[in-house]
Amino acid sequence: MRYYASAPGKVILAGEHAVVYGYPALVAALNLRSTACVETVESREIEVISDRWGRALFPLEGSREEHELFPVALVARKLLSESRAALGLRIMLSSEIPAGAGLGSSASTFVATASALCAALGLEPDLGGIREAAMEGERRVHWNPSGVDVEVALNGGVLLYRRGQAPERALLSSPLRLVLGFSGVPKRTGDMVKVVAEFSKQSPEIFSVCMESIAGIATRLAHSLPRGDLEESGWLMNVNHLLLTILGLSTAQLDGMVAACLSSGALGAKLTGGGGGGCIVCLSRPGEEERVSEAIRGRGGEPLVAEVSLEGVKTWREG
Ligand code: MEV
C-alpha cells in the first residue's frame, strides 16, 4: 500500500519577519502543492527520493546531517519513534513550488510527509501531531521559524496568523489571483531572519516602529482583502514593501520588479517571504495579470500567476 499526502505552498501578503517576533501576518495558501508518497519497507532505514534533491539513505539515528533531505528524515524519525514500529520507510517527494522562492516549499513538503507518514504508520492523523512533526523539519531548515508556513500548509485559505495562537481565517468574497515574480535568486529564509535580528540589535527604536507598522498593515489587510477593497489592499502591500526595505530585506532586482509592476498598473506589490532574493507578490485588477507578468519579465524575473487555494493538507492511499 502507498500512502499519499499533498499540501499547499503559500504567499505572505503582509507581516513576514514581524511574525517571527510575535506580530500578526496575513498568509494565503496557493494552488501550488508538494506531494509525498510513503511506503513501509523491511530494511530499517529511511530512503528519501526527491524530484529536486535526488536520493538519500538515512539511518534511524545520527549522521548525514548536512544533506538537503536530512530534515525530511527528522520528520520521519519523530513519527517512527512515536509509532514504535520496527520498520523502515521509503518517502518519495515532488513539488510544484520553486525552492528558495519564499513560497513555503519546505513547509508544504514537511506537512505532506508528516501526514502521509501518520497514515502509513497507523498514527491518528490529527493536525496537532502533523504540525509538531513538520516543525521538526522547519526548525532544521530555518532559523527560529514562526510556524506560519506550516499553519497555512495544514489549513489552506487565507489566515491571520500569530505565533503560538490559533489562526483566524479571513474569508474572501471572490477567488483571488496573484502574480508572483521570481527573481531567480534562491535564498535561505534563516539567513534573512538573522539579518533582521542584527537590525533589531543595531537600531532597536527603528526596528520597533517597523514591527508595529507592519502589524497594523497585516491586521488592516485582513479586513480590506475580504471586503474586496483591492485599492486599499494594494496600498497596504506597497507600504509593507517599504518597511521590509528599511529592514534590509529587498534587493535592486526586487525593487525593480515592484516598480515595474506598479508602472504597469498593478495596485500593490511587495517582496514576499524571507527576501534578499526569492519572490515578489503583486495584486492587480482581475484580467490585468498578463500585463503585470510582462512587466516582471521585462525586469528579468519569472512571472507565475497563482490562485489562492482553500485546500489544506489532504491524504489518500493507493494499491
Ligand atoms: C517565511 O515564510 C516567513 C518569515 O517570516 C520567517 C518565519 O515566519 O518563520 C520570514
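Counting starts at 1 for both ligands and their atoms, in listed order.
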Protein heavy atom at shortest distance from atom 3 (C) of ligand 1: I12 CD1, 3.6 Å

Whether H67 and F58 hold their rings parallel, tilted or perpendicular, with breakpoints at 30° and 60°: perpendicular

Options E151, K10, H17, ranked by nearest heavy atom to atom 10 (C) of ligand 1, top entry: H17

Close side-chain approach of L121 and L87, heavy atoms under 4.5 Å: yes

Interfacing atoms of ligand 1 (cut-off 4.0 Å, heavy-atom, D149): 1 (C), 2 (O)

Short N or O distance, N144 and ligand 1, threshold 3.5 Å exclusive: no

Contact atoms of ligand 1, heavy-atom distance to S146 under 4.0 Å: 7 (C), 8 (O), 9 (O)

W235 atom CH2, over 12 foreign heavy atoms within 6.0 Å: no

Residue E16 vicinity, atoms of ligand 1 by number, heavy atom under 4.0 Å: 5 (O)

Between H223 and D229: side-chain donor-acceptor atoms closer than 3.5 Å: no

Atom indices of ligand 1 within 4.0 angstrom of T189 heavy atoms, with elements: 1 (C), 6 (C), 10 (C)

Atoms of ligand 1, numbered as shown, that sit under 4.0 Å from any heavy atom of V148: 8 (O)

Exceeds 12 heavy-atom contacts within 6.0 angstrom, atom CZ of R317: no

H142 and ligand 1 - part of the residue with a heavy-atom distance under 4.0 Å: neither

Residue V19 vicinity, atoms of ligand 1 by number, heavy atom under 4.0 Å: 5 (O), 8 (O)

